[in-house]
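Owing to the predicted nature of the structure, the values given are computational and were not obtained by experimental measurement. These numbers come from the heavy atoms of this one structure, side chains and all, not from hydrogens, waters or symmetry mates. Convention: sequence-line order gives letters A, B, ...; per-chain numbering from 1.
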Amino acid sequence: MNRYTKKQPVLDRIVLNSIQKQAVSCDIWPQLVFAGAGSGKTRVLTAKIAYLIEHLRVPPINIFAATFTNKAAGEMRERVESLTGLPCGALWIGTFHSMCARLLRREAPHIGYPANFTIYDRDDQISLVKRILKEEGLDERSMPPRGVLQSISRFKNACTPFESIEGGGDNYYDRQVIHLYGIYQKMLKRSAAMDFDDLIANAVYLLRGNADILKRYQNRFQYVLVDEYQDTNNAQFLLVKLLGAAHKRVFVVGDDDQSIYGWRGAQVENILSFESLFEGTRVFKLEQNYRSTQPILDFAHSVISVNTNRADKQLWTDTHNGAEVAVTRYRDDRQEATGIAERVAQLAANGMRLGEVAVLFRTNAQSRVLEEALRRAKLPYVVVGATSFYQRKEIKDCLAYLRLLINPRDDVSCARVLNVPTRGIGAKSQASLFEAAAKRNVAVLELIEEQDGTLTGGKAAKGVEQFREIMLLLRDLVEQQTPPDEILKQILDLTGYTSALEAEDTVEAQNRLDNIGELVNALTLWAQDNPEGTLADFLEEVSLVSDVDKWERRETSVNLMTLHCAKGLEFGVVFLAGLEDGLLPSRQNFDDERSIEEERRLLYVGATRARKELCCSFVDQRYRFGRLIPMEPSRYLDDIPRERYRFDDRCVTFSAPPAAVSSAPKAKKPRMVAREEDHTQETSYDDFSQEIVQYRMGHHVSHKSYGRGKILSVSGFGKDTQLTVLFSDGSRRKLMAKFLEPEVW
DNA sequence: TTGTTTATTCTTTTT
DNA sequence: GAATAAACAA
């Protein structure tokens with residue numbers, strides 16, 4: 001800030017080791033930094049930006065820096081400002097999604113969109129696809145919305161617009177998906193809406209299709225920096241390539257061992273092949289770890305080194321001593337939770353701040369037992385993520401009204417609130433409204449506003465008219481520059497939303513009212529913090545924040561979160577709960593080697609979050625789907641040499657198989673063998689054991705008279721396995737598996 | 001058309 | 001066990 005600090009160059013004001021220093025001060029481009037867990041990645045990235053600004057005199061406005069969360073972006077901007085003493089408001093730093101949204105709002109007309117487009121989240125996408133399926137007369141069971149969206153997402157990640165798809169697809173499913181992709185995009189455009197994938201893909205289309213615009217942005221973004229590069233997808237890669245094509249000043253940081261978003265389209269290959277794709281790349285490897293103890297690093301290394309598709313490297317640390325990693329076996333998930341809570345209480349008694357403790361797990365469903373145990377032990381905790389505030393029904397209803405005011409063409413929001421609270425516009429009337437709108441190629445709200453409600457039959461017409469009047473009234477308020485929180489209050493009042501909930505008079509309804517109150521507060525606060533901000537800005541922010549963005553470490557609360565959420569964070573003590581096959585790795589990924597490797601990385605990420613103490617656990621049986629299910633230790637534990645951890649058997653059950661009682665997980669009974677003596681009672685055992693699975697959802701089979709088809713669901717097991725199959729002629733049949741031949745790849 | 005019941009599926013992970 | 005969808009009564 002003052003002249004004193006200014007005199008010293010950045011490199012002397014921030015502590016860096018020699019490799020870090022080299023990476024920061026290197027001026028030969030492009031650059032790739034492999035930054036292992038805890039190796040000071042954020043520090044390097046921050047220093048790099050500060051170095052560009054201060055040492056190379058690059059104006060902040062010429063830098064484009066993509067981070068994985070908005071929170072990280074905000075913190076980094078602040079640190080750069082305090083390092084350089086210069087205001088960096090003009091620096092473009094944020095998630096790919098938020099920066100693309102920003103770019104697209106400016107250039108919207110070039111891709112046929114208005115600047116006030118709405119951003120659809122997953123729920124919005126699903127309700128849109130469901131409506132399309134209905135209108136197209138397709139069965140949700142043969143074309144599951146999630147699957148359809150997954151396929152559509154793949155097209156977008158590949159930056160393949162509907163128009164340039166060649167060929168109509170090989171089979172019934174693919175043909176339908178392509179067909180639906182076209183309709184889906186048409187609907188989005190008519191609704192002036194984009195989904196998350198569109199934000200990136202449309203940015204690519206924009207730059208790819210307009211040479212002058214591309215040039216302008218290449219010129220503007222003289223330096224392109226990307227954090228967590230291992231988690232970028234193909235579209236993001238194309239964007240980076242486009243922006244950096246002219247000047248080549250691209251700097252990416254990442255760790256292939258921490259790539260855990262493959263299911264979302266991320267490609268580890270992006271980082272693994274960066275060197276060959278960007279000619280003349282300088283590579284830096286940060287392998288010194290400043291976070292964890294040696295035992296933790298050894299443990300983590302034995303996990304990750306089994307993976308084949310990775311760049312060779314190994315973390316090391318200066319600190320040699322440290323507590324052994326613990327692996328504990330519990331009888332069931334309840335006992336596991338209690339055991340963890342006990343240990344946490346112990347730590348707290350020894351003066352450990354609870355904010356330094358995290359319990360990590362694979363699925364959100366696991367958090368409930370843990371929460372109960374912590375509550376019983378009177379230990380304060382926070383759950384990061386889970387059902388986020390903005391996902392709740394009542395909140396989404398409010399937001400839908402707000403979005404509809406900003407963008408009257410937003411059909412998904414319109415469908416959501418048209419009959420909320422109930423105005424007598426049932427499914428049938430809604431369908432006919434949508435049909436009429438589609439026929440004239442206008443949005444539903446537009447239709448309602450111009451048509452005076454004569455469209456639908458008697459009863460619903462009154463409700464439609466009511467809705468129309470409310471919307472017109474609210475529109476006036478927006479035009480009169482009414483403060484955002486006031487608009488929300490008016491919505492709740494005019495629509496009768498509040499009074500409907502009050503009338504219910506249940507605890508549930510009261511809860512919702514409280515949540516709505518919280519939303520009003522949030523909006524008021526936001527308006528105070530952003531005096532220039534419009535309602536549209538607020539809505540954009542809301543749709544692009546993540547759960548970790550809102551998380552703030554509280555000194556006195558234990559942190560509960562999924563392994564995915566924990567990426568980039570660190571804690572003094574980390575518990576990894578539920579290290580069992582079927583959970584980690586997830587049962588659904590058993591047959592895919594790539595996913596098995598990704599889940600292994602998930603374990604690696606979890607383990608490397610710990611600074612001082614790492615406690616892993618698995619259970620013999622666990623409640624899932626309301627049933628007690630036998631579990632096996634995670635296969636990943638098999639790869640860890642026995643001397644890398646202390647094994648603690650807290651299993652005091654008599655029913656446990658004798659061989660397993662006193663031994664480490666390594667020595668347990670062989671896999672893939674079902675217990676014969678169990679047939680009488682535990683029929684479900686077979687269902688969950690890992691016998692070789694011949695038939696899986698999504699795989700293809702053939703039948704001698706119906707031909708080739710895709711498995712939609714599997715029921716029963718052994719000889720009685722039945723399959724529901726979608727055949728290429730479009731028919732869906734439930735058949736005995738023995739009549740079907742699995743397709744071999 | 002709305003609000004009840006029952007049946008079914010389901011859970012990965014999220015910008 | 002929960003959330004959603006289909007099925008049914010009013």
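Considering only the side chain of A/Tyr261, B/dT14 comes nearest among B/dT14, B/dT12, B/dT15. The side chain of A/Arg362 sits closest to B/dT13 out of B/dT11, B/dT15, B/dT13. Minimum atom distance to the side chain of A/Thr363 is reached by B/dT13, of the listed C/dG1, C/dT4, B/dT13.
Ring centroids of A/Phe68 and A/Tyr261 are separated by less than 6.0 Å, placing the two rings close together.
Remark: P of B/dT14 and CD of A/Gln150 are 15 Å apart, rounded to the nearest angstrom. Spacing between atom CG of A/Leu602 and atom P of B/dT12 amounts to 14 Å, rounded to whole angstrom units. Here B/dT15 presents its C1' atom at 13 Å from CD1 of A/Ile260, a figure rounded to the nearest Å. Between A/Met561 atom CE and B/dT13 atom P there is a gap of 15 Å when expressed in whole angstrom units. Rounded to whole Å, the distance from CZ on A/Phe625 to C1' on B/dT12 is 10 Å. Atom CG of A/Asp195 and atom P of B/dT14 are 18 Å apart (whole Å). B/dT15 atom P lies 13 Å from atom CG of A/Asp123, rounded to whole Å. Rounding to whole angstrom units, CD of residue A/Gln391 and P of B/dT11 are separated by 15 Å.
Proximity of A/Asn233 to the phosphate of B/dT15: no side-chain N or O atom is located under 4.0 Å from OP1 or OP2. Look at A/Asn364 and you won't find any side-chain N or O under 4.0 angstrom from OP1 or OP2 of B/dT11.
Using a 4.0 Å heavy-atom criterion, one finds that A/Ser586 contacts the bases of the nucleic acid, with or without backbone contacts as well.
Between A/Arg105 and A/Glu540 there is a salt bridge, since a side-chain N of the basic residue sits under 4.0 Å from a carboxylate O of the acidic one. A salt bridge links A/Asp195 with A/Lys156: the closest approach of a Lys/Arg side-chain nitrogen to an acidic carboxylate oxygen falls below 4.0 angstrom. Between A/Arg310 and A/Glu269 there is no salt bridge, since none of the side-chain N atoms of the basic residue sits less than 4.0 Å from a carboxylate O of the acidic one. We find that A/Arg331 and A/Asp620 are not joined by a salt bridge, their nearest charged nitrogen and carboxylate oxygen being 4.0 Å or further apart. Salt-bridge check for A/Arg594 with A/Glu597: failed, with every basic side-chain N at 4.0 Å or more from each acidic carboxylate O.
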At a cut-off of 3.5 Å, list every protein nitrogen or oxygen paired with a nitrogen or oxygen from nucleotides 1-9 of chain B, distance to 0.1 Å.
unit_1 : atom_1 : unit_2   : atom_2 : d
B/dT1  : OP1    : A/Ser429 : OG     : 2.6
B/dT2  : OP1    : A/Asn419 : ND2    : 3.4
B/dT2  : OP1    : A/Gly424 : N      : 3.1
B/dT9  : OP1    : A/Arg141 : NH2    : 3.3

Any N/O pairs under 3.5 Å between the protein and nucleotides 5-8 of chain C? List them or say none.
unit_1 : atom_1 : unit_2   : atom_2 : d
C/dA5  : OP1    : A/Lys130 : NZ     : 2.5

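Classification of the A/Tyr181-A/Phe155 ring pair by plane angle, with boundaries at 30° and 60°, yields parallel.
For the P atoms, the distance linking C/dA6 with B/dT11 amounts to 16 Å, nearest Å. Distance noted for atom P between C/dT4 and B/dT13: 14 Å (whole Å).
Every salt bridge (Lys or Arg N to Asp or Glu O under 4.0 Å) that A/Arg622 has, sequence neighbours left out, goes to A/Glu336, A/Glu580.
The shortest side-chain heavy-atom distance between A/Lys396 and A/Tyr390 does not fall under the 4.5 Å cut-off.
Under the 3.5 Å distance criterion, with hydrogens and angles disregarded, no donor-acceptor pair is assigned to the side chains of A/Asn157 and A/Asn234.
Comparing A/Thr562 and A/Arg146 by the nucleotide of DNA chain B whose heavy atom lies nearest to each, the residue mapping closer to the 5' end is A/Arg146.
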